[in-house]
2 protein chains.
Amino acid sequence: MTDDRWVPPPVLLTVDLVILTLRESRLQVLLVERGVEPYKGDLALPGGFLQHPEEDLITAAHRELSEEADLDVETLRLEQSGVYGEPGRDPRGRVVSVAYLAIAPRLPEPIAGTDAADARWQPVDHVLSGDLKLAFDHRRIVEDGVERARVKLEHSALATAFCGPIFTITELQEVYEAVWGIPLDPRNFYRKVQKTDGFIVPAGSARKSATGRPARLFKAGQCEVLYPPMVRPSESSNTKEQ
Amino acid sequence: MTDDRWVPPPVLLTVDLVILTLRESRLQVLLVERGVEPYKGDLALPGGFLQHPEEDLITAAHRELSEEADLDVETLRLEQSGVYGEPGRDPRGRVVSVAYLAIAPRLPEPIAGTDAADARWQPVDHVLSGDLKLAFDHRRIVEDGVERARVKLEHSALATAFCGPIFTITELQEVYEAVWGIPLDPRNFYRKVQKTDGFIVPAGSARKSATGRPARLFKAGQCEVLYPPMVRPSESSNTKEQ
DNA sequence: ACCCCTTTCTGTCATGCTGACAAAAAGCTA
DNA sequence: TAGCTTTTTGTCAGCATGACAGAAAGGGGT
């Protein structure tokens with residue numbers, strides 16, 4: 001650092017995308033089959049290098065998403081979820097990756113783009129359990145992203161974004177159950193979301209499909225931050241035991 | 001992306017450090033006076049470029065900390081707190097910065113290192129209020145770091161790390177008050193931390209300095225995650241109003 | 001029409017946490 | 001001993017929660 005002629009070493013920057021959605025009542029993550037080396041043929045998160053030196057990170061993230069999986073994600077709000085810069089994580093050299101997270105309602109089946117041989121949804125538990133091997137350190141990135149989504153569900157009104165514009169309380173409950181991976185009591189859940197101010201507002205009259213009593217319809221309220229938060233019960237047993 | 005001869009654009013990577021401590025019952029952040037252009041003479045967070053292409057991010061963070069402010073921070077646990085990569089944030093070119101956060105007990109007055117003309121503690125409210133101008137987008141980084149510290153105080157036993165190895169409940173309360181920036185009721189706080197399992201454990205007999213009834217002494221418990229969490233009262237008014 | 005089944009919705013009840021506050025306990029000082 | 005400060009122990013009402021009972025509102029089958 002005392003040498004005037006020293007120049008900082010450049011690194012290569014990538015963005016990786018953890019796109020979560022709900023399909024068949026399960027939390028699923030968007031994965032692509034890599035069409036190029038390294039890890040050609042393996043599953044990985046969509047993502048890639050910055051295109052030009054002036055490209056914004058978030059712009060690059062959106063671009064990669066539309067390139068690798070042709071999803072209409074204009075409205076998708078990407079949120080930073082971590083940086084992964086360990087040397088050796090990419091055989092191509094020193095690559096630092098910024099991970100972005102998005103959580104969205106039932107998205108359609110993606111269409112593989114230019115860089116990806118294939119793109120499809122996979123249940124996150126297959127990734128977390130290790131049944132599904134991912135390229136690079138992408139499993140770790142998925143883990144971190146899912147944990148962040150779980151926490152976000154507690155403190156923000158994000159869960160409504162998983163549903164359509166109009167939904168029933170039971171549908172909202174299924175979102176929580178899928179993301180948290182635990183069952184909830186319908187009656188207490190009903191009471192809780194009703195009295196959490198600004199979370200959901202009534203939308204039109206009742207009536208829904210199939211069997212059982214017709215459910216009332218709701219839409220997302222205007223508040224972002226939930227107070228009091230939705231607490232997931234399992235958190236209690238998380239105290240680190242000596 | 002369809003051009004085989006295309007190579008990804010390199011970027012320069014820096015680490016920036018948000019080191020928070022408690023001095024004189026106020027939350028303070030470590031700042032250095034820049035000794036080189038750009039922003040020479042301005043206050044900024046300690047930090048700098050990766051030294052060589054194989055340097056780990058966290059290693060670089062520790063190195064910069066010891067270079068710019070000669071603190072003995074072997075035990076300091078740095079935690080990632082964000083990436084700042086907006087084009088134009090640094091006049092030297094495309095510079096992406098990874099911010100690290102550390103929270104620590106009363107640290108000594110720092111000693112300016114090689115790159116910094118000076119290094120010292122500054123109250124965070126001076127930074128947040130805008131009274132103190134920082135170089136680059138460092139004010140934003142401090143804001144994010146402080147908010148993260150506030151949240152961490154709610155859910156983790158971090159607050160004990162601000163105190164010495166042995167402390168009184170009142171001292172612990174002062175930590176919360178300083179970081180959250182609000183007053184708390186001593187009696188309710190006393191009750192709360194006592195029954196939060198694994199947060200604090202008794203350490204030796206009572207007795208302390210100055211006036212008033214001697215306080216009992218405690219040390220940090222073994223648990224990391226607080227359940228139930230410490231909730232800061234102001235959070236209730238945080239609902240985003242339409 | 002009637003019964004059964006499913007799902008949604010409304011209550012109830014005991015428990016435990018919280019905020020607000022009273023008051024006792026334990027020192028020090030004058 | 002009186003007065004002051006700070007810590008510690010209670011008290012009390014209100015609110016949220018978990019567990020669960022049971023009513024309401026449909027549909028399908030006979």
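Reminder, nothing fancy here: chain letters follow the sequence lines and each chain counts from 1.
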Enquirer: Figure out the CD1/P separation between I169(B) and dT8(D), and round it to whole Å.
Expert: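 One finds 6 Å between P of dT8(D) and CD1 of I169(B), rounded.
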Enquirer: What distance separates I19(B) CD1 from E68(B) CD, expressed to the nearest 0.5 Å?
Expert: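 Taking CD1 in I19(B) and CD in E68(B), the distance rounds to 11.0 Å.
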Enquirer: When the ring planes of H138(B) and F136(B) are compared, do they come out parallel, tilted or perpendicular, using 30° and 60° as the limits?
Expert: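 Taking F136(B) first and then H138(B), their aromatic rings sit tilted (interplane angle of 30° to 60°).
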Enquirer: Rounded to whole Å, please give me the gap between CZ in R213(B) and P in dT8(D).
Expert: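 Computing the R213(B):CZ to dT8(D):P distance gives 6 Å.
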Enquirer: In Å, rounded to the nearest 0.5 Å, how long is the span from CD of Q80(A) to CD1 of I58(A)?
Expert: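 One finds 8.0 Å between CD of Q80(A) and CD1 of I58(A).
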Enquirer: Quiz question: by atom type and distance under 3.5 Å, do the side chains of Y84(B) and D144(B) form a donor-acceptor pair?
Expert: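 Side-chain D/A pair, Y84(B) to D144(B): present.
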Enquirer: Do the side chains of R150(B) and E154(B) get close enough for a salt bridge, i.e. N-O under 4.0 angstrom?
Expert: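 Result for this pair is no, no salt bridge flagged.
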Enquirer: Rounding to an integer number of Å, can you tell me how far F189(B) CZ sits from dT8(D) C1'?
Expert: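 Whole-Å distance recorded here is 14 Å.
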Enquirer: When rounded to the nearest 0.5 angstrom, what distance separates CG in L158(B) from CD in E79(B)?
Expert: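 Going from CG on L158(B) over to CD on E79(B), the span is 8.5 Å.
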Enquirer: Report each atom pair, protein N/O against N/O of nucleotides 15-19 of chain D, whose distance is under 3.5 angstrom.
Expert:
from    : atom 1 : to      : atom 2 : distance (Å)
dT17(D) : OP1    : K192(A) : NZ     : 2.6
dG18(D) : N7     : R191(A) : NH2    : 2.8
dG18(D) : O6     : R191(A) : NH1    : 2.9
dA19(D) : N7     : N188(A) : OD1    : 3.3
dA19(D) : N7     : N188(A) : ND2    : 3.0
dA19(D) : N6     : N188(A) : OD1    : 3.3

Enquirer: Could you check whether T170(B) gets within reach of a base, just the sugar-phosphate, or nothing at all, counting any heavy atom under 4.0 Å?
Expert: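 Touches sugar-phosphate only.
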Enquirer: Using a 4.0 Å cut-off to any heavy atom of chain B, which nucleotides of DNA chain C are the first and last in contact, reading 5' to 3'?
Expert: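 Contacts span dC17(C) to dG27(C), reading 5' to 3'.
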Enquirer: Taking for each residue the nucleotide of DNA chain D with the nearest heavy atom, is it G212(A) or F218(B) whose nucleotide lies nearer the 5' end?
Expert: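 Between the two, 5'-proximity favours F218(B).
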Enquirer: Within this structure, what is the CD-CG distance for the pair E33(B) and L43(B), rounded to the nearest 0.5 Å?
Expert: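 Output value for this atom pair is 6.5 Å.
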Enquirer: Quick check on E86(A): does its CD atom have over 12 non-hydrogen neighbours (other residues, nucleotides or ligands) under 6.0 Å away?
Expert: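 For E86(A), atom CD is not crowded (no more than 12 foreign heavy atoms under 6.0 Å).
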